[in-house]
Colleague: 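If you scroll down you'll find the structure; I have some questions about it.
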2 protein chains.
Amino acid sequence: MADQHELRDKGLRLTPQRELVLAAVRALEHATPEEVAEKVKLTHPGINLSTVYRNLETLENVGLVQHSHLGHGGVRYHASTEEIHAHLNCESCGTIIEVPIDATASFTQSLLDGYGFHTDLAHLAIAGRCESCFNKP
Amino acid sequence: MADQHELRDKGLRLTPQRELVLAAVRALEHATPEEVAEKVKLTHPGINLSTVYRNLETLENVGLVQHSHLGHGGVRYHASTEEIHAHLNCESCGTIIEVPIDATASFTQSLLDGYGFHTDLAHLAIAGRCESCFNKP
DNA sequence: AAGTAAGTGCAAAGCCTTCGCAATTAGTGT
DNA sequence: ACACTAATTGCGAAGGCTTTGCACTTACTT
């Protein structure tokens with residue numbers, strides 16, 4: 001019921017595929033479209049990958065999910081309700097370190113002051129190297 | 001001559017294609033492989049796109065060029081001699097604002113202190129909205 | 001219960017990038 | 001200058017990932 005309203009209040013039809021895509025994004029955190037599809041297939045094996053893509057886009061349009069670009073590779077989706085955080089992406093080992101957005105406040109403030117830029121650190125990862133990779137050759 | 005030594009000192013053969021790719025990257029700043037190819041074609045129409053890709057990779061391996069991920073889209077190459085800067089990428093209008101790396105020092109230091117993370121702000125753009133887009137609906 | 005517009009599945013196409021392979025060519029030694 | 005060898009090139013094809021067109025299905029409206 002709650003779910004029904006959640007989607008329908010946004011003007012979306014309530015299809016099993018759509019519900020499952022939303023549920024999968026919420027359960028997985030930082031999931032690629034492919035991973036979302038895998039998850040959905042557990043309960044709805046027939047779902048098509050393009051349906052997943054379309055629903056991710058739709059759900060993003062109404063604000064229920066969002067995507068970020070974490071590594072070099074692909075897009076990842078997360079629920080809008082997740083706590084906002086920046087991602088530090090180690091270019092060597094691929095580890096993702098999550099940083100509470102509070103810890104970045106003074107930096108984003110300085111970009112606002114200096115450049116009038118309203119920063120959204122959640123959307124793109126920050127590249128670099130984690131401690132252990134940095135200490136390796 | 002200078003160019004010859006520059007490439008050959010790195011252990012690379014001096015082919016017209018390679019020289020032109022390097023020159024194009026230097027001239028264009030933040031160019032996509034496609035743009036580099038276009039530029040090279042002005043003086044060497046026969047060049048193949050895959051040759052451009054391979055040379056960009058090769059030139060990067062020896063440190064003459066580097067790539068960054070600026071927008072949603074593709075990779076962009078710049079000469080290693082360019083001053084290092086972070087990129088603020090407006091998600092609405094696509095504008096890129098360059099920020100001297102000095103201006104980010106205290107932020108990267110705090111990531112080092114707090115997470116042991118060695119940040120490379122030049123490699124991935126920082127997403128957000130520029131002043132004028134922010135003030136629009 | 002019927003109508004209609006949104007949503008789905010499927011297959012194909014589109015980008016961007018990489019790869020295999022045969023032909024070419026830069027740099028080396030003669 | 002000439003021949004040799006390995007690097008480099010062009011070409012075509014293939015590979016990911018994502019989008020699209022279209023006919024069929026289905027959720028919601030009345």
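First the proteins, then the strands, lettered A, B, ... as listed; each starts at 1.
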Colleague: Nearest to the side chain of A:Pro33, which nucleotide is it out of D:dC11, C:dA26, D:dT18?
Modeller: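 Among D:dC11, C:dA26, D:dT18, the one nearest the side chain of A:Pro33 is D:dT18.
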Colleague: Could you check which of D:dA7, C:dG7, C:dT17 has an atom nearest any side-chain atom of B:Val75?
Modeller: C:dT17
Colleague: Base, sugar-phosphate or nothing for A:Gly46? Non-hydrogen atoms, less than 4.0 Å.
Modeller: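 Result for A:Gly46 = sugar-phosphate.
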Colleague: Side chain of B:Arg13 only, heavy atoms from C-beta on: which candidate in D:dC17, C:dG9, C:dA26 is closest?
Modeller: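 Side chain of B:Arg13 sits closest to C:dA26.
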Colleague: Would one find a side-chain N or O of A:Gln17 under 4.0 angstrom from OP1 or OP2 of D:dT26?
Modeller: no
Colleague: Look only at the side chain of B:Thr104 and the backbone of B:Phe107, and say whether a donor-acceptor pair between them is shorter than 3.5 Å.
Modeller: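 Side chain of B:Thr104 to backbone of B:Phe107: no pair is present.
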Colleague: A:Ser50 side chain: which of D:dT19, D:dT26, D:dG10 is closest?
Modeller: D:dT19
Colleague: Choosing from D:dG10, D:dT8, C:dG9, which nucleotide comes nearest the side chain of A:Ile47?
Modeller: C:dG9
Colleague: For a side chain to side chain donor-acceptor pair (under 3.5 Å) check, start with the C-alpha distance between B:His67 and B:His123, then their side-chain angles and the critical distance, and finish with the verdict.
Modeller: CA-CA 7 Å; B:His67 76 270; B:His123 191 213; 3.0 Å; yes
Colleague: To the side chain of A:Arg54, which of C:dT18, C:dG9, C:dG27 is closest?
Modeller: C:dG9
Colleague: Taking the nucleotide of DNA chain C with the closest heavy atom to each, which residue, A:Asn48 or B:Pro16, is nearer the 5' end?
Modeller: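 Looking at the nearest nucleotide for each, A:Asn48 comes out on the 5' side.
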Colleague: Would you say the side-chain atoms of B:His30 pair up with the backbone N or O of B:Leu28, donor to acceptor, closer than 3.5 Å?
Modeller: no
Colleague: Check this one for me: any side-chain N or O of B:Arg76 less than 4.0 Å away from OP1 or OP2 of C:dC16?
Modeller: no
Colleague: Taking B:Thr32 for the side chain and B:Glu35 for the main chain, is one N or O donor matched with an acceptor at less than 3.5 Å?
Modeller: yes
